[in-house]
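All remarks here apply to the structure that follows.
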Amino acid sequence: YYRRSWSSESSDSVISSESGSNCYRVVLIGEQSVGKSSLANIFAGVHDSIDSDCEVLGEDTYERTLMVDGESATIILLDMWDNKREGEWIRDHCMQVGDAYLIVYSITDRASFEKASELRIELRRARQKEDIPIILVGNKSDLVRCREVSVAEGRACAVVFDCKFIETSAAVQHNVKELFEGIVRQVRLRRDSKEK
Ligand code: GDP
Ligand code: MG
């Protein structure tokens with residue numbers, strides 16, 4: 001196994017023989033302006049120099065196939081959580097449709113960190129008995145001087161909420177690829193343990 005660049009990974013993606021089984025709907029949730037859309041845009045490859053293999057399925061929905069640990073996975077990424085125009089129903093919808101969740105806060109905004117905990121609880125309530133893969137995402141890690149939430153706090157919170165944790169920066173594109181690979185791995189871990 002070796003790491004290749006994101007763009008070359010997606011260019012040789014193929015339709016899997018286990019059709020459907022490795023297509024995951026991943027939902028971005030979190031307080032407004034923590035960077036959800038910025039992360040989605042990087043996923044969508046809007047910053048890539050040439051073309052990307054991402055398909056924009058709708059205003060807030062992106063699809064991309066990536067190779068993770070030698071196996072391809074298709075992520076359908078939904079970024080519609082704080083779409084005010086659509087009203088509250090969209091949140092209920094988001095809580096129901098995800099195969100996996102990225103709960104995003106900003107390390108420069110303690111209120112958004114507290115909101116992340118609320119969302120974790122809300123998600124647990126909405127999807128009782130389901131073991132849903134979640135990554136707690138501390139975004140804006142480039143803004144070191146404005147930090148209000150320490151790495152240790154983020155990590156501790158993830159332990160309490162029984163999920164993974166990562167700090168990212170959409171601005172300098174740090175750990176973003178790792179984030180999306182990470183969520184694929186989380187989904188697979190659960191899938192594999194079910195098969196046993
Ligand atoms: P959303 O409301 O959660 O979708 O947040 P946006 O993606 O719209 O981002 C809100 C603001 O934060 C924008 O001005 C972004 O440019 C900025 N932003 C997003 N991610 C980062 C980051 O990692 N670092 C910095 N410095 N700014 C960011
Ligand atoms: Mg947004």
Side-chain angles (χ1 to χ4, degrees), residues 5-7 24-49 52 54-64 66 75-123 126 132-155 157-158 161 163-183:
S5 82
W6 202 352
S7 46
Y24 313 124
R25 203 182 280 119
V26 177
V27 182
L28 282 158
I29 63 177
E31 196 66 279
Q32 216 171 357
S33 71
V34 295
K36 297 182 299 300
S37 299
S38 303
L39 291 167
N41 284 338
I42 294 173
F43 174 81
V46 296
H47 301 289
D48 291 4
S49 45
S52 82
C54 177
E55 225 180 305
V56 180
L57 300 176
E59 201 185 339
D60 304 318
T61 307
Y62 311 89
E63 180 184 321
R64 185 166 190 156
L66 33 153
I75 291 180
I76 297 171
L77 185 68
L78 288 98
D79 174 35
M80 52 186 62
W81 177 252
D82 49 21
N83 186 339
K84 288 277 191 299
R85 242 178 339 161
E86 302 290 344
E88 276 298 311
W89 73 269
I90 202 94
R91 299 199 170 204
D92 296 332
H93 177 72
C94 283
M95 284 293 181
Q96 294 303 328
V97 298
D99 297 313
Y101 289 82
L102 305 176
I103 303 183
V104 188
Y105 67 92
S106 165
I107 65 143
T108 67
D109 177 5
R110 178 159 291 278
S112 74
F113 179 61
E114 279 150 17
K115 184 70 186 178
S117 297
E118 284 174 36
L119 292 174
R120 176 68 186 95
I121 293 164
E122 217 179 295
L123 190 56
I132 298 173
I134 297 171
I135 298 182
L136 179 65
V137 186
N139 189 44
K140 308 201 186 183
S141 64
D142 57 295
L143 298 176
V144 282
R145 300 174 112 186
C146 308
R147 183 185 282 275
E148 289 184 2
V149 183
S150 71
V151 178
E153 283 175 289
R155 208 173 276 142
C157 183
F161 288 114
C163 66
K164 286 281 166 187
F165 171 68
I166 192 170
E167 281 201 352
T168 58
S169 167
V172 301
Q173 301 206 19
H174 177 249
N175 264 354
V176 178
K177 180 171 177 272
E178 288 75 7
L179 170 63
F180 290 106
E181 290 175 349
I183 199 67

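Whatever order the structure lists them in is the order used to number ligands and atoms, beginning at 1.
Proximity of the aromatic rings of Phe43 and Tyr62 is defined here by a centroid distance below 6.0 angstrom, and this criterion is not met.
In terms of the ring-ring contact (aromatic ring centres under 6.0 Å, His included) criterion, residue partners of His93 (sequence neighbours excluded) are, by chain and number, Trp89. The side-chain hydrogen bond (donor to acceptor under 3.5 Å, both in side chains) check on Arg147 picks up Glu167, with sequence neighbours excluded.
Looking at Ser37 and Asp79, their side chains do bring a donor and an acceptor atom within 3.5 Å of each other. Looking only at atom types and distance, the side chain of Asp142 has a donor-acceptor partner in the side chain of Ser169 under 3.5 Å away.
Residue-level contacts of ligand 1 at the 4.0 Å heavy-atom threshold are Glu31, Gln32, Ser33, Val34, Gly35, Lys36, Ser37, Ser38, Asp82, Asn139, Lys140, Asp142, Leu143, Ser169, Ala170, Ala171.
Paired with Arg25 under the rule side chain to side chain contact (heavy atoms under 4.5 Å, CB included), one option of Leu77, Ile75, Leu78 passes, and it is Leu78. For the side-chain hydrogen bond (donor to acceptor under 3.5 Å, both in side chains) criterion with Lys177, the lone passing option out of Glu181, His174, Gln173 is Glu181.
Checked for salt-bridge contact, Glu153 and Arg110 meet the test: a charged N lies under 4.0 Å from a carboxylate O.
Minimum heavy-atom separation, Ala170 to Leu39: CB-CD2, 4.0 Å.
Annotation: protein N, O or S atoms under 2.8 Å of the Mg ion (ligand 2) (waters excluded) comprise Ser37 OG.
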